[in-house]
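Naming convention: chains lettered A, B, ... in sequence-line order (proteins, then strands); numbering from 1 in each chain.
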Amino acid sequence: MLVKDTVAAIVAAALEQANRDGVISVDAAPDIEIERPNNPEHGDFATNLPLRLARAARANPMQLAQLISERIQPGPEIASLEPAPPGFINFKLSDDWLQRQVETVIAAGDKFGSADVGTGRKVMVEFVSVNPTGPVHVGHTRGAVLGSALANTMQAAGYEVTREYYINDAGSQMEAFYRSVWTRYQQALGRDAQMPENGYQGDYIADIAAEIIDTEGPGLLELPEPAAIRRIGDIAREKMVELIRDDLDAIGVNFDNWFSERWLFLNERAPTSDYDQAIAKLREGGHLAERSGALWFNSIALGDDRDNVVVRSSGEPTYFASDIAYHYNKFSGREFNRVIDIWGADHQGHVPRMKAAVSALGVKPENLTVLISQMVTLKRGDETVRASKRTGDFVTLRELVDEVGMDACRYFFLARAASTQMEFDLELATRESSENPVYYVQYAHARNASILSLAAERGIDYANGDVSLLTHPNELALIRTMLRLSELIVQVAENLEPHHLPHYAMELATAFHHFYENCRVISANPEDNELTLARLKLVAAAQVVFRRTLTLMGMSAPERMER
RNA sequence: GUCCCAGUAGCUCAGUGGAUAGAGCGGCUGCCUUCUAAGCAGCUGGCCGCGGGUUCGAAUCCUGCCUGGGACGCCA
């Protein structure tokens with residue numbers, strides 16, 4: 001249980017007591033909010049309950065604060081509490097409780113900060129899902145980093161998480177991709193072939209064609225064109241997916257499952273495909289209508305601003321149809337309790353119809369959350385770098401990682417709220433690479449690690465260190481900051497806001513650097529032996545917290561850093 | 001035209017209806033005989049886009065406007 005929740009509980013109990021005592025009478029008590037005051041003089045926690053109660057109770061907030069405070073029965077965590085104008089109650093954590101947490105943290109190890117708000121519910125985080133028609137570029141990278149950190153954190157918060165990549169490999173964009181590779185293949189072998197109008201121009205298309213020539217030879221020229229394209233397409237698709245997988249791996253993004261769109265139309269296991277089942281379900285519910293030869297989903301009736309085509313007059317299902325089948329598969333087929341989709345800003349218009357479709361499938365719309373990762377504008381100095389997959393003129397994930405590095409890249413993307421458009425200046429990111437927040441955090445960990453390795457070198461055993469000696473303000477401040485990770489994990493998981501992680505990491509690093517400056521750990525003075533042991537324990541605990549934080553962000557925790 | 005996102009320090013951005021609005025970078029001063037100076041201490045820097053409203057209390061909620069970006073297909 002979080003300390004915050006403990007505080008809330010004792011406040012609630014005190015309010016009830018005040019009610020029973022007849023000194024405060026309110027019909028419905030508001031939710032009890034416990035906040036972290038900005039000003040450390042106001043303690044570790046505060047509640048504004050008296051202020052919120054004042055109107056209903058028709059009483060002076062300070063007076064209410066007094067009446068409630070008197071009835072609070074604090075546990076061992078709390079050193080003191082007091083009413084504060086204009087009507088807060090402030091709580092201060094006790095030093096000896098804080099000191100004992102050092103041992104709790106060490107005992108928890110890499111589980112420290114884990115919570116159980118997910119209560120084991122099955123959640124899918126589906127992200128990136130770039131069409132396998134080209135490499136991953138900068139915009140996708142943001143969603144990739146966001147999704148992986150969010151998935152990590154939700155797992156830490158007690159969800160059973162599946163990370164999934166949806167491979168859109170069944171549509172007309174794929175046809176254009178296949179034809180583009182086919183064209184380059186022919187051209188490379190001296191045949192005069194013309195790139196289709198909607199073809200992909202990037203150099204990688206020719207690279208793939210060249211690889212295919214290496215393994216398959218020129219023989220495909222002899223096949224009838226449709227057969228050649230099918231064969232080329234199959235190989236090219238595999239290669240492209242592999243390329244994407246490698247790219248994402250380079251930035252530390254991995255998936256539990258790669259789900260192919262084509263599977264939605266197969267019916268190997270069930271008697272009917274996911275697609276058939278989903279359409280049948282919509283039809284049963286009266287959500288489909290035929291108009292001008294096409295099959296429409298009546299999404300207006302469910303709150304969207306227009307209806308959407310599911311099956312074209314040509315008989316071909318649309319991308320939306322696949323998506324309906326896919327979500328049917330997620331919720332009904334695989335029984336996820338909750339699904340989080342991370343989409344790029346160019347898909348934000350599709351959220352209402354997807355929500356409508358999900359509810360038409362009999363799933364509570366709130367079980368589907370679509371996070372929109374906003375645009376990334378790329379700059380190189382003053383120049384804006386335009387991103388267009390068609391022309392092949394874009395900065396890829398690969399180039400970005402090569403230039404900026406994986407850790408800095410992840411940190412930079414993570415630190416911004418997903419809903420905000422961001423500007424990424426490559427020049428700046430590279431130039432500032434020696435003194436930036438990434439190194440600040442990692443350096444704190446490296447300093448931490450070097451203390452521990454020196455202790456190991458000297459054979460110092462601090463297992464029996466006495467934590468009650470940790471009374472220096474910087475020691476207690478460090479412990480306080482360390483403990484906040486537990487709250488943070490819950491907050492990130494509940495609000496789906498991984499951008500708090502890097503900011504927390506900065507604060508943790510600051511607290512550690514301050515401790516490092518002011519509290520010599522391994523002392524040469526024999527009189528300080530006991531203190532050395534206690535501080536080593538704190539350093540070991542801090543390392544646990546650094547590692548956990550960096551791991552959640554998917555960043556490395558270097559033991560050494562040297563220029 | 002409709003809808004979505006944003007506007008906070010010179011720049012890039014945090015900020016959960018609360019108490020004195022923060023960080024990094026930049027700029028200016030200082031600090032290494034002791035566990036890493038990728039650090040620390042100090043200074044500099046703000047009509048929180050503008051106007052109204054709700055509230056005991058608004059950067060935060062509502063509303064109108066301004067500015068910037070995005071989405072509005074039988075493409076994916």
Side-chain angles (χ1 to χ4, degrees), chain A residues 33-39 41-42 46 48 51-52 54-55 61 84-88 90 131 133 168 170-174 176 198 261 291-296 305-306 308-314 316-320 322-323 344-352 372 374-375 377 412 415-425 428-429 431-444 446-455 457-458 491 495 497 499-500 502-503 506-507 509-510 512-514 516-525 532 535-536 539 560-563:
Chain A
E33 289 175 9
I34 304 296
E35 61 199 37
R36 292 273 191 178
N38 290 325
N39 185 340
E41 283 170 24
H42 296 141
N48 58 4
L51 283 163
R52 291 157 53 84
R55 171 171 286 202
F88 294 98
N90 294 337
N131 292 0
T133 54
N168 285 137
S172 60
Q173 302 276 342
M174 281 310 280
N198 61 350
E261 181 181 2
R291 279 202 296 278
S292 47
L295 191 62
W296 292 73
D305 52 10
R306 60 184 194 88
N308 294 278
V309 171
V310 174
V311 183
R312 286 179 266 255
S313 42
S314 66
E316 291 253 349
T318 60
Y319 163 82
F320 181 45
S322 296
D323 234 10
D346 52 342
H347 284 64
Q348 45 112 330
H350 304 277
V351 178
I372 298 298
Q374 286 291 341
M375 293 264 301
T377 312
F412 194 85
R416 272 90 180 145
S419 59
T420 314
Q421 290 155 210
M422 63 180 283
E423 208 163 76
F424 200 143
D425 188 335
L428 203 67
R431 180 150 44 85
E432 284 180 358
S433 65
S434 61
E435 284 188 18
N436 65 30
V438 183
Y439 292 94
Y440 184 82
V441 173
Q442 291 183 325
Y443 184 55
R447 277 180 149 183
N448 181 310
S450 82
I451 295 173
L452 293 176
S453 72
L454 180 64
E457 218 171 273
R458 301 209 180 150
Q491 186 194 352
N495 302 328
E497 290 177 341
H499 69 273
H500 296 302
H503 291 102
M506 276 298 287
E507 286 174 36
T510 301
F512 187 83
H513 285 308
H514 289 178
Y516 185 95
E517 284 304 315
N518 298 315
C519 303
R520 175 79 200 179
V521 178
I522 299 176
S523 169
N525 184 349
T532 291
R535 284 181 171 169
L536 279 170
V539 172
R560 301 191 61 79
M561 286 172 75
E562 268 148 321
R563 284 197 182 272

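- For the C1' atom pair drawn from B/C28 and B/G70, the interatomic distance equals 41 Å after rounding to whole Å.
- For the P atom pair drawn from B/C50 and B/C32, the interatomic distance equals 46 Å after rounding to whole Å.
- Checking the phosphate oxygens (OP1, OP2) of B/C35, no side-chain nitrogen or oxygen of A/R535 falls inside 4.0 Å.
- Contact annotation: side chain of A/N198 to base of B/A76, donor-acceptor pair absent below 3.5 Å.
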**Study point:** A/N168 and A/M174: CA distance, side-chain angles, deciding distance, side chain to side chain contact (heavy atoms under 4.5 Å, CB included) verdict
**Key:** CA-CA 8 Å; A/N168 285 137; A/M174 281 310 280; over 6 Å; no

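- One can place CG of A/D323 at 15 Å from P of B/C75, the figure rounded to the nearest angstrom.
- Nucleic acid contact for A/A46: base, since at least one base atom lies under 4.0 Å from a heavy atom of the residue.
- In this structure, the nucleotide among B/C13, B/C35, B/A76 sitting nearest to the side chain of A/T318 is B/A76.
- At a threshold of 4.0 angstrom between heavy atoms, the contacts of A/R520 include nucleobase atoms, whether or not backbone atoms are also involved.
- The side chain of A/I522 lies closest to B/C35, out of B/C72, B/U12, B/C35.
- The shortest distance between side-chain heavy atoms of A/H513 and A/R447 falls below 4.5 Å.
- Atom C1' of nucleotide B/C61 and atom CZ of A/R52 are separated by 14 Å, given to the nearest angstrom.
- Taking every side-chain heavy atom of A/S419 into account, B/C5 is the closest of B/C5, B/A14, B/U16.
- With sequence neighbours excluded, no residue satisfies ring-ring contact (aromatic ring centres under 6.0 Å, His included) with A/Y516.
- When the side-chain nitrogen and oxygen atoms of A/R312 are compared with OP1 and OP2 of B/A76, one or more of them lie within a distance under 4.0 Å.
- One C1' atom belongs to B/C62, the other to B/G26, and the distance between them is 38 Å to the nearest Å.
- The base-pairing partner of B/C74, taking Watson-Crick or G-U wobble contacts with both distances under 3.5 Å, does not exist among the strands shown.
- The base of B/C75 sits with one of its N or O atoms less than 3.5 Å from a complementary donor or acceptor on the side chain of A/Q173.
- B/U12 and B/G49 are spaced 15 Å apart, taking the P atom of each and rounding to whole Å.
- As rounded to the nearest Å, B/U44 and B/A23 have P atoms that lie 13 Å from one another.
- Using modelled atom types, one finds a donor on one side chain and an acceptor on the other under 3.5 Å when comparing A/Y440 with A/T510.
- Looking at heavy-atom distances under 4.0 Å, A/H503 makes contact with sugar-phosphate atoms alone, never a base.
- Glycosidic conformation of B/C32: syn, with the torsion inside 90° of 0.
- Atom CG in A/N308 sits roughly 13 Å away from atom C1' in B/A71 (whole-Å rounding).
- Within the nucleic acid shown, A/F320 has no heavy atom closer than 4.0 Å to any nucleic acid atom.
- Residue A/T420 places no side-chain N or O under 4.0 Å from the OP1 or OP2 atom of B/G69.
- Closest approach to the A/M506 side chain among B/A23, B/C13, B/G70 is made by B/A23 (side chain taken as heavy atoms from C-beta onward).
- Atom CZ of A/R291 has more than 12 neighbouring heavy atoms from other residues, nucleotides or ligands inside a 6.0 Å radius.
- For A/H514 against B/A41, no side-chain N or O and base N or O form a donor-acceptor pair under 3.5 Å.
- Using C1' as the reference atom, B/G27 and B/C35 are 32 Å apart when rounded to the nearest Å.
- If you check every strand for non-hydrogen atoms under 4.0 Å, A/Q348 touches a base.
- In the set B/U12, B/C40, B/G18, the nucleotide with an atom closest to the side chain of A/F412 is B/U12.
- Searching all strands for a Watson-Crick or G-U wobble partner of B/C32 with both distances below 3.5 Å returns nothing.
- What you find for A/R535 and A/C519 is that their closest heavy atoms are CZ-CB, 3.4 Å.
- If you check B/C25 for Watson-Crick or wobble pairing at under 3.5 angstrom, you find it paired to B/G10.
- Here A/H513 does not count as stacked on B/G39, because the ring centres are not under 5.5 angstrom apart with planes under 30°.
- Aromatic stacking is not marked for A/Y440 over B/G24, as the cut-offs of 5.5 Å for the centres and 30° for the planes do not both hold.
- On the C1' atoms, B/A14 is 11 Å away from B/A21, given to the nearest whole Å.
- For a distance-only test at 3.5 Å, the side chain of A/N39 qualifies as a donor-acceptor partner of the base of B/U20.
- Listed here is the closest heavy atom pair of A/P86 and A/L51: O-CD2, 3.8 Å.
- When distances run from any side-chain atom of A/S172 to the nucleotides B/G70, B/C74, B/C75, the shortest one goes to B/C75.
- The side chain of A/Y439 lies closest to B/A38, out of B/C40, B/A38, B/A76.
- You'll find that the side chain of A/Q421 is closest to B/G68, out of B/G68, B/U20, B/A76.
- Between the base of B/G24 and the side chain of A/N436 there is no donor-acceptor pair shorter than 3.5 Å.
- In a base pair of the Watson-Crick type (N1 to N3 plus N6-O4 or O6-N4) or a G-U wobble (N1-O2 and O6-N3), with each distance short of 3.5 Å, B/U63 is matched with B/G51.
- Checking B/A76, B/C35, B/G24 against the side-chain heavy atoms of A/P437 singles out B/G24 as nearest.
- In this model, the phosphate group of B/G15 is approached by a side-chain N or O of A/H499 to a distance below 4.0 Å at OP1 or OP2.
- Rounded to the nearest Å, the gap between the C1' atom of B/U34 and that of B/C40 is 16 Å.
- Using a 4.0 Å heavy-atom distance criterion, A/M174 is classed as making no nucleic acid contact.
- Using a 4.0 Å heavy-atom criterion, one finds that A/N38 contacts the sugar-phosphate atoms exclusively.
- Residue A/E423 places its side chain closer to B/C13 than to any other of B/A71, B/A37, B/C13.
- Checked against the 6.0 Å centroid criterion, the rings of A/H350 and A/F320 do not qualify as a close aromatic pair.
- A/N48 contributes no side-chain N or O that, together with a main-chain N or O of A/G87, makes up a donor-acceptor pair within less than 3.5 Å.
- The base of B/C74 sits with one of its N or O atoms less than 3.5 Å from a complementary donor or acceptor on the side chain of A/S292.
- Using a 4.0 Å heavy-atom cutoff across all strands shown, A/A345 reaches sugar-phosphate atoms only and no base atom.
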